[in-house]
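Just below is one structure, and these are the notes that go with it.
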Amino acid sequence: MSRTIYQSEVTKLKVQRHRLLVIIFILALLNVGQAIYAYYIVPSQSETAILK
């Protein structure tokens with residue numbers, strides 16, 4: 001009896017951890033996208049504005 005409760009708790013924890021990892025992964029991707037945008041796209045736009 002106690003063993004089945006333990007098993008279900010473990011699976012719940014695994015699911016929660018998996019969700020947390022997915023959220024962290026998505027946030028990391030967003031941060032990387034913002035960094036790439038700031039480093040590459042914004043400077044090139046400002047350079048073209050200066051050149052004009």
Side-chain angles (χ1 to χ4, degrees):
M1 171 91 185
S2 60
R3 184 159 191 168
T4 53
I5 293 170
Y6 175 73
Q7 283 287 328
S8 64
E9 288 297 312
V10 168
T11 50
K12 265 191 222 163
L13 281 174
K14 281 184 182 171
V15 168
Q16 285 176 338
R17 199 174 73 187
H18 181 69
R19 250 183 232 150
L20 194 67
L21 284 175
V22 169
I23 291 170
I24 290 171
F25 183 68
I26 292 171
L27 286 176
L29 276 181
L30 287 173
N31 284 339
V32 168
Q34 282 182 331
I36 290 173
Y37 179 78
Y39 275 113
Y40 293 105
I41 298 168
V42 173
S44 63
Q45 285 176 349
S46 58
E47 277 174 25
T48 52
I50 291 168
L51 285 173
K52 281 177 185 173

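Hydrophobic clustering, with ILVMFWY side chains joined whenever heavy atoms are under 4.5 angstrom apart, keeps Tyr39 apart from Leu30.
Note that CD of Gln7 and OG1 of Thr11 are 7.5 Å apart. Values are rounded to the nearest 0.5 Å. Remark: Gln34 CD to Leu29 CG distance equals 11.5 Å, nearest 0.5 Å. In this structure, Leu21 CG and Gln16 CD are separated by 12.0 Å, a value rounded to the nearest 0.5 Å.
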Working note: Lys14 + Val10, criterion side-chain contact (heavy atoms from CB on, under 4.5 Å); need CA distance, chi angles, decisive distance, verdict.
CA-CA 6 Å; Lys14 281 184 182 171; Val10 168; 4.0 Å; yes
